[in-house]
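What follows is a short report on a single structure.
Basis for what follows: all heavy atoms, side chains included, without hydrogens, waters or symmetry-related copies.
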Amino acid sequence: MEIKNYSDIYKIKPNKLKPLPGNILVANPIIEETYFNRSVICLIENDDKNGAMGLVLNKPMPFTLNSVFDKFNKLPDIPVYCGGPIGNDRLLYLHNLGGMIADSLYISDGISVGGDILSLISYISAGNKVDGYIKFFLGYSGWNSEQLQMEIKTQSWGVGTSCKKDLLTADGEPFWRRSVENLGEGYSPWLKFPYSPMLN
């Protein structure tokens with residue numbers, strides 16, 4: 001059997017986007033770690049003092065919100081995503097509801113994170129739409145000061161942008177592929193790397 005040479009995985013031509021809140025991080029396909037293999041992360045914060053924090057957007061978990069949190073047990077089935085390896089007993093949520101959810105933190109482009117949980121439950125209990133409006137996560141991803149910049153420099157991540165709708169709805173490996181394509185032609189070698197479902 002022919003053994004292919006995938007050394008060109010590191011011969012990308014990076015774009016010039018900066019890792020700002022609201023931008024996405026697209027994983028180099030050579031990363032095998034379960035949380036980050038073919039992951040797409042929405043950056044929540046990134047600064048020299050506190051480091052960086054983000055949420056993996058495309059790793060759905062095998063249970064629904066109402067099956068793991070008593071506060072949601074009277075609500076309909078709502079998907080939960082694995083936001084990362086840190087604080088995996090902590091519930092976080094992205095949404096585009098702005099001031100409708102008290103105390104939420106605006107990130108960019110109409111997307112906010114967190115906010116008053118009772119406001120959120122009231123919104124859902126009233127029969128309002130969740131899909132495309134709110135996305136729930138257990139855990140998050142984090143980097144120490146300058147760690148993320150170093151990982152971008154060594155091509156572990158590509159920095160890109162994504163539309164508000166995709167941040168709140170897309171999941172799985174196809175979203176990773178679309179995100180790589182949107183990074184630009186310079187990242188096309190990543191799309192040639194073989195996909196192994198065993199890594200997810």
Side-chain angles (χ1 to χ4, degrees), residues 19-27 34-46 52-142 157 159-182 197 200:
L20 301 174
N23 282 351
I24 59 172
L25 302 174
V26 185
T34 303
Y35 288 101
F36 301 124
N37 177 249
R38 301 204 175 210
S39 66
V40 181
I41 295 176
C42 176
L43 267 179
I44 305 300
E45 66 176 1
N46 183 23
M53 172 187 174
L55 295 168
V56 178
L57 296 168
N58 60 327
K59 301 281 184 175
M61 303 192 84
F63 49 77
T64 57
L65 190 64
N66 56 8
S67 68
V68 291
F69 287 99
D70 290 340
K71 287 182 179 179
F72 294 89
N73 62 6
K74 295 182 180 179
L75 298 178
D77 290 346
I78 299 170
V80 182
Y81 291 77
C82 178
I86 305 172
N88 53 22
D89 59 346
R90 180 178 173 187
L91 181 68
L92 300 103
Y93 33 95
L94 291 177
H95 58 86
N96 60 10
L97 304 175
M100 292 178 64
I101 306 301
D103 301 323
S104 59
L105 174 66
Y106 182 79
I107 303 172
S108 70
D109 192 29
I111 296 293
S112 300
V113 62
D116 178 60
I117 192 70
L118 295 180
S119 298
L120 191 69
I121 292 173
S122 295
Y123 170 87
I124 300 172
S125 298
N128 292 303
K129 291 183 178 180
V130 175
D131 187 33
Y133 292 82
I134 313 168
K135 194 169 189 176
F136 291 90
F137 305 85
L138 280 178
Y140 63 94
S141 305
W157 304 99
V159 182
T161 61
S162 190
C163 70
K164 177 170 59 176
K165 179 181 177 182
D166 273 351
L167 293 180
L168 296 172
T169 60
D171 64 22
E173 199 265 351
F175 180 46
W176 175 85
R177 294 191 66 83
R178 293 204 313 273
S179 298
V180 173
E181 290 169 356
N182 290 338
N200 283 303

side-chain contact (heavy atoms from CB on, under 4.5 Å) against Asp77, all qualifying residues, sequence neighbours excluded: Thr64, Asn66
Pairs flagged by side-chain hydrogen bond (donor to acceptor under 3.5 Å, both in side chains) wherever residues 123-137 is involved - sequence neighbours left out: none
Leu55 CG to Cys82 SG distance, which is reported to the nearest 0.5 Å: 10.0 Å
Contact summary for Ser108 and Pro21, nearest pair of heavy atoms: OG-O, 3.5 Å
Under 3.5 Å donor-acceptor, Ser39 side chain and Asn58 backbone: no
Lys71 side-chain N/O to Leu118 backbone N/O, donor-acceptor pair under 3.5 Å: no
Distance (rounded to the nearest 0.5 Å) between Leu120 CG and His95 NE2: 7.0 Å
Sidechain-backbone polar pair: Tyr106 side chain, Gly99 backbone, donor-acceptor under 3.5 Å: no
From CZ (Phe136) to CG (Leu168), nearest 0.5 Å: 11.0 Å
Any donor-acceptor pair under 3.5 Å from Asn96 side chain to Gly132 backbone: yes
With Asn88 via side-chain hydrogen bond (donor to acceptor under 3.5 Å, both in side chains) - residues at least two apart: none
Distance (rounded to the nearest 0.5 Å) between Ile111 CD1 and Ile44 CD1: 9.0 Å
Beyond-backbone contact of Leu138 with Phe63, side-chain heavy atoms, under 4.5 angstrom: yes
With sequence neighbours excluded, residues passing side-chain hydrogen bond (donor to acceptor under 3.5 Å, both in side chains) with Trp157: Glu151
Qualifying residues under salt bridge (Lys or Arg N to Asp or Glu O under 4.0 Å), relative to Asp171, sequence neighbours excluded: none
Listed partners of Arg90 passing salt bridge (Lys or Arg N to Asp or Glu O under 4.0 Å), at least two apart: none
